[in-house]
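Atoms within each ligand, like the ligands themselves, are counted from 1 in listed order.
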Amino acid sequence: MTTVHGTCHHDCPDSCGWTVTVDDGEQGPVAVSLRGRPDHPYSRGELCPKVNRFLDRVYDPDRLLHPLRRVGSRGSGDFERITWDEALTEIAGRLHGVIERHGAEAVLPFSDAGNQSVLAMMGLSSRFFHHLGASRLVRALCGPTVGAGMSMTNGSVLGLDPLEIEHSRLIVLWATNTRLTNRHLWPTIEAARGRGARLVVIDPIRTATANAVDLERGDRFLQPRPGTDIALMLAVMHVLVRDDLVDRDWVRDHTIGFGELCDHVADWTPGRAADITGVDAHEIEALAHDYGTIRPAVIRTLIGAEHHENGAMFHRTLACLPALVGAWRDRGGGLARSVGSWQDLLVDDHALHRPDLLDGRSPRWINMSRLGEALTDDEHPVHALIVWNSNPLVVVPNAELTRRGLERDDLFTVVHEQFLTDTARYADIVLPATTQIETSDVVLAWGHLWMGWNEAAIPPVGECVSNTELFRRLATAMGLTEPSLFDDDLTVLRDALPSVDLEALRRDGWMKVPYPDHGRPWADGGFPTPSGRVELVNPRLAAMGQPTVPTYVAPNEGPGGSPDLYERYPLQLLTPKHHTRFLNSSYPQLPRHGGPEGGPFVEIDPTDATARGLTDGDTARVWNDRASADLPVRISDRLRPGVVAIPFGWWMQHHPDGRVANSLTNDTLTDWGGGVAYSDTLVQVGRASTSSSSARVASM
Ligand SMILES: Nc1nc2c(c(=O)[nH]1)N[C@H]1C(S)=C(S)[C@@H](COP(=O)(O)OP(=O)(O)OC[C@H]3O[C@@H](n4cnc5c(=O)[nH]c(N)nc54)[C@H](O)[C@@H]3O)O[C@H]1N2
Ligand SMILES: Nc1nc2c(c(=O)[nH]1)N[C@H]1C(S)=C(S)[C@@H](COP(=O)(O)OP(=O)(O)OC[C@H]3O[C@@H](n4cnc5c(=O)[nH]c(N)nc54)[C@H](O)[C@@H]3O)O[C@H]1N2
Ligand code: SF4
Ligand SMILES: [Mo]
């Protein structure tokens, strides 16, 4: 038996450290256990209900082990086994053909953070596609809108290390479900609460995190209508100004535009915001008073609120709040979001991605959130789609449009995957991918400051290859000769992280990235905006067609938006992460993950259910202009009337009629930042006319 240390690769803020025990028996190395690494500085030995059973994933009988060629119709799941040589020859031939006939822009690479390690996510893929001159992908399903919004206020995305919450006395969890999505931060929050800190949770859903609120301790739970928080923030500002709770010294020294902001929020009374948000005016007053008087005050957010039409403005406005109360002055005060930005400072993007390989060409950009539109665009068609590290048919909004695109006979699709996902079922060629315990890599965490090494514990299972090996093989098969396409993994890591001692990282398992020792990154201002200050008013927004002061614009697909849409579809649909055993759409297919979670459902408030004659367990139909989906009803007091929810992540095969949560969701782009408004989706709900079969997961 040997033990090997690694780091979780999932797109999760916690990037836990793990130890794999390997039986080096005569049959070859077999991983027999995977456990949290007790000395990991952040995760401290604990993993999570997803990854505690990671070896189920590695050795699942349905794991893809060999290349496959589709023999049935698209989506049917009928494939035959082929060799790597056959697969590569066919792919190279088809890609050359597409490029000759339609130009390289007809090739679309599509990937996300299915494995967020440096090599797996960024390795050789950009070099390969830049060299071809393929279309470029805007990867903005998760995160960039938060950054784009916050940057318009602070000039930067660099925020507070969330572990500093240890020092906070007021903790505002705004649009983040920490106990589900960022569980290893929870002990820090509990430790601060143990020392008297008060907790505020702001979420349209009474989540597991909201359930931690203890009103007797002075905690609060605010439940706004989705997409309306900016109105809430403007009313908080109104009260801060009105009641003289602004830190005038800090504002004078480190912000611009305070006077104009005061004018703007003068008529944003709590009563006005209450009408829009549905939160009582006295709750808004109380929140503002807590925020203006309790120090240190921290606001913690991740990405829950960026998935709105006004997602960037949400984060721009949110970033103004700490400035107004001078929260950055205090240790444990400020705004904590992804800290991946502190790690990114160490990455040499140019050496890694090699934009120079474009050789003067400037291929079009395609936003991943609009995949359906790109695949159904007749004027500038995509003819070859290469997918890795993602399951777009399940995770991209407006899934039925994506499906129509994937059904096109003149589209050649390659998917590199661990499992035959919904997307892979539409591929012409499927290639088998390694898991994290089969390849060495470096993980840049975004929920804490430790970069982690991942050592391969076992050789690749079956004929699986890592993402970098995939691109080396594709480059060879296509007869390309550019040397940097063939760099080995260590060379790529050295290019990517020139200042990091990779030997030491490998030896120690982790390395803390530079962060100010005093823990107060913006205590004395020095913001990287043109003015050097927090920009409460930002003149550059005007050039982008945006208001220069924080402004509430009701989402078009919402109660204050298009009256026609709202009349036909009076319910707001949220499709959040919900299950402790899922990570996005990874895991529902595994018996010990999907099985216990029991299948998808639509959650609805008792008032809305009664009005539609629905009771628990009935089959409801949920529909809008994009799609219709039949789902079992779950009556719930977690939602306010007018809001329904469907858990995100389940595959087509788990939904009674094969329509997933994203079949219904809105693919409108956010105000800026390139993200997408999944969570501004209006639907109607009624009884399903025929009682569909119950969720198919039950038989798994
Ligand atoms: N168990 C588990 N953990 C995960 C994941 C997973 O799938 N499963 N996914 C990982 C990934 S990729 C990410 S990016 C992170 C995301 O981590 P989070 O951002 O914490 O998670 P989300 O569920 O996307 O959104 C958080 C909350 O935002 C709320 N929300 C939606 N709209 C609004 C709004 O208008 N206002 C307010 N105030 N709240 C709103 C939702 O109801 C939800 O409870 O989680 C990671 N961790
Ligand atoms: N409705 C709705 N939609 C959402 C969200 C939501 O909250 N609601 N959340 C959004 C967010 S925040 C995110 S981040 C995205 C996530 O969307 P994705 O990044 O697509 O996430 P997953 O669904 O986990 O799919 C990742 C796939 O990568 C595969 N994979 C893992 N490791 C490797 C590897 O090393 N190589 C290769 N080739 N493949 C690998 C896995 O098997 C899995 O099928 O979804 C978004 N979509
Ligand atoms: S998915 Fe997240 S919580 Fe679970 S082991 Fe990986 S990093 Fe840790
Ligand atoms: Mo995400």
* Should Arg634 and Glu603 count as an ion pair when the cut-off is N to O under 4.0 Å? ->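 Answer for the salt bridge query: no.
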* Taking 4.0 angstrom as the limit, do Glu417 and Arg63 come out as a salt bridge? ->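 Salt bridge between Glu417 and Arg63, a charged N being under 4.0 Å from a carboxylate O: no.
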* To do: Tell me which protein heavy atom sits closest to atom 3 (S) of ligand 3, plus the residue, atom name and distance to 0.1 Å.
  => His184 CE1, 3.5 Å
Within this structure, what is the [atom1]-[atom2] distance for the pair [X] and [Y], rounded to the nearest 0.5 Å?
| X | Y | atom1 | atom2 | result |
| --- | --- | --- | --- | --- |
| His40 | His448 | NE2 | NE2 | 4.5 Å |
| Arg316 | Thr153 | CZ | OG1 | 4.0 Å |
| Leu170 | Arg198 | CG | CZ | 7.0 Å |

* Can a cation-pi geometry be assigned to Arg183 and Trp186, taking NZ or CZ under 6.0 Å from the six-membered ring centre and within 45° of the ring axis? ->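 Negative - Arg183 is either too far from the ring of Trp186 or too far off its axis.
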* In chain order, what residues pass the side-chain contact (heavy atoms from CB on, under 4.5 Å) check against Thr434, with sequence neighbours excluded? ->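 If we apply the side-chain contact (heavy atoms from CB on, under 4.5 Å) test to Thr434, skipping adjacent residues, the hits are Glu438, Thr439, Pro460, Cys464, Ser466.
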* Does CZ belonging to Arg193 count more than 12 external heavy atoms closer than 6.0 Å? ->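 Atom CZ in Arg193 is packed in, count exceeds 12.
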* What pairs meet the side-chain hydrogen bond (donor to acceptor under 3.5 Å, both in side chains) rule with one or both residues in residues 203-215, with sequence neighbours excluded? -> Asn177-Thr209
* Taking every non-hydrogen atom, the tightest pair across Trp650 and Val394 -> O-CG1, 3.6 Å
* Protein N/O/S atoms under 2.8 Å from atom 6 (Fe) of ligand 3: how many? -> 1
Between the protein and ligand 1, which nitrogen or oxygen pairs come in under 3.5 Å, and how far apart is each?
from	atom 1	to	atom 2	distance (Å)
ligand 1	1 (N)	Lys50	NZ	3.2
ligand 1	1 (N)	Leu180	O	3.4
ligand 1	1 (N)	His579	O	3.4
ligand 1	1 (N)	Phe582	O	3.4
ligand 1	7 (O)	Asn584	N	2.6
ligand 1	7 (O)	Asn584	OD1	3.3
ligand 1	8 (N)	Phe582	O	2.8
ligand 1	9 (N)	Asn584	OD1	3.4
ligand 1	17 (O)	Thr181	OG1	3.3
ligand 1	19 (O)	Ile303	N	2.9
ligand 1	19 (O)	Gly304	N	3.1
ligand 1	20 (O)	Thr176	OG1	2.7
ligand 1	20 (O)	Asn177	N	3.0
ligand 1	20 (O)	Thr181	OG1	2.8
ligand 1	24 (O)	Lys577	NZ	3.1
ligand 1	32 (N)	His308	NE2	2.9
ligand 1	35 (O)	Gly227	N	2.8
ligand 1	35 (O)	Asp229	OD1	3.3
ligand 1	35 (O)	His308	NE2	2.9
ligand 1	36 (N)	Asp229	OD1	2.7
ligand 1	36 (N)	Asp229	OD2	3.2
ligand 1	38 (N)	Ile202	O	3.1
ligand 1	38 (N)	Asp229	OD2	2.7
ligand 1	42 (O)	Asp203	OD1	2.7
ligand 1	44 (O)	Asp203	OD1	3.4
ligand 1	44 (O)	Asp203	OD2	2.6
ligand 1	47 (N)	Thr181	O	3.0

